[in-house]
Amino acid sequence: MTQVSPQVRKIWQVVSTIPRGKVASYGQVARMAGMPGRARLVGAALKQLPDNSPVPWHRVINASGKISFPPTSPEWERQHQRLLDEGVILVRGKAPGAALVEEDFLDNLLWGPDEGV
DNA sequence: ATATTGACTTGGC
DNA sequence: TGCCAAGCCAATA
């Protein structure tokens, strides 16, 4: 049993709350996980994800709205296909802004509504 | 223990 | 639009 760091688990948790048909950027996920500026950690976390994991890793794209894999790679194809299945169409290689999940929505789901004093 | 990598982001040109 | 440099820091070598 590999022991994954709590941060990685948190990231997985955040990614799991991204609704079907929506997407979020690595930086967005990092922020929602309470780790602003650590987009790369999100990438590292997804990379560690088990192959059979239920975590919707494919809903995470980069800040440009594009898939963070070489367009020719099998990984790119897989992620693209999964997005298509959920109705997320890439226009000229990028996801429409409308597909982006709203941060407060997930914030409330994750941290509870309006906890801020 | 030190060095390099990387599924990133942002700002500047 | 695109390329580059700097910032970020856990994971890997």
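In what follows, chains carry the letters A, B, and so on, assigned in the order in which the sequence lines appear, proteins first and then strands, with residues in each chain numbered from 1.
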Participant: So does A:Ser5 get a side-chain nitrogen or oxygen closer than 4.0 Å to the phosphate oxygens (OP1/OP2) of C:dA11?
Facilitator: yes
Participant: Does A:Ala98 offer a backbone N or O that forms a donor-acceptor pair with the side chain of A:Lys22 under 3.5 Å?
Facilitator: yes
Participant: Nearest whole Å is fine: how far is B:dT10 P from A:Gln28 CD?
Facilitator: 10 Å
Participant: If I take atom CD1 in residue A:Ile11 and atom C1' in nucleotide C:dA11, what distance separates them, rounded to the nearest angstrom?
Facilitator: 12 Å
Participant: Closest approach of A:Val60 and A:Ser25, non-hydrogen atoms and distance?
Facilitator: CG1-C, 4.2 Å
Participant: Looking at NZ of A:Lys66 and NE2 of A:His80, how far apart are the two atoms once the value is rounded to the nearest 0.5 Å?
Facilitator: 13.5 Å
Participant: Shortest non-hydrogen contact from A:Gln28 to A:Val23?
Facilitator: OE1-O, 4.4 Å
Participant: Look at the side chain of A:Arg59 and the backbone N and O of A:Ile18, then say whether any donor-acceptor pair between them is shorter than 3.5 Å.
Facilitator: yes
Participant: So, taking the atom named CZ in A:Arg20 and the one named CG in A:Asp85, what distance separates them when rounded to the nearest 0.5 Å?
Facilitator: 7.5 Å
Participant: Verify the contact: side-chain N or O of A:Ser25 to OP1 or OP2 of B:dT9, cut-off strictly under 4.0 Å; return yes or no.
Facilitator: yes
Participant: Tell me whether the side-chain N/O atoms of A:Lys94 come closer than 4.0 Å to OP1 or OP2 in C:dT1.
Facilitator: yes
Participant: Just checking A:Glu75: base, sugar-phosphate only, or nothing, at a heavy-atom cut-off of under 4.0 Å?
Facilitator: nothing
Participant: Nearest whole Å is fine: how far is C:dC9 P from A:Gln7 CD?
Facilitator: 10 Å
Participant: Of the candidate nucleotides B:dC8, B:dT9, C:dA10, which contains the atom at the shortest distance from the side chain of A:Ser68?
Facilitator: B:dC8
Participant: Which of these nucleotides, B:dT9, C:dA11, B:dA7, is closest to any side-chain atom of A:Phe69?
Facilitator: B:dA7
Participant: On DNA chain C, compare the nucleotides closest to A:Arg40 and A:Gln48; which residue's is nearer the 5' end?
Facilitator: A:Arg40
Participant: So, A:Ser16 side chain and A:Trp12 main chain: donor-acceptor pair closer than 3.5 Å or not?
Facilitator: yes
Participant: Between A:Asn62 (CG) and C:dC3 (P), how many Å, whole number?
Facilitator: 14 Å
Participant: Roughly how many Å is it from CE in A:Met32 to P in B:dC8, rounded to a whole number?
Facilitator: 16 Å
Participant: Under 4.0 Å between any heavy atoms, over every strand shown, what does A:Val8 touch: base, sugar-phosphate, or nothing? Just pick one.
Facilitator: sugar-phosphate
Participant: Rounded to whole angstrom units, what separation is found between the CD atom of A:Gln3 and the C1' atom of C:dT12?
Facilitator: 18 Å
Participant: Without swapping roles, check the side chain of A:Glu86 against the backbone of A:Pro19 for a donor-acceptor pair under 3.5 Å.
Facilitator: no
Participant: Want to know the stems of DNA chain C: at least 3 consecutive Watson-Crick or G-U pairs with distances under 3.5 Å, which are they?
Facilitator: B:2-6 with C:9-13, B:8-13 with C:2-7
Participant: To the nearest angstrom, how far is A:Ile61 atom CD1 from B:dC8 atom C1'?
Facilitator: 13 Å
Participant: Which is true for A:Leu41 with a 4.0 Å heavy-atom rule: it touches a base, it touches only sugar-phosphate, or it touches nothing?
Facilitator: sugar-phosphate
Participant: Mind calculating the distance between CG (A:Leu83) and P (B:dA7) to the nearest angstrom?
Facilitator: 18 Å
Participant: Is there a donor and acceptor pair, one atom on the side chain of A:Arg38 and one on the base of C:dG7, closer than 3.5 Å?
Facilitator: no
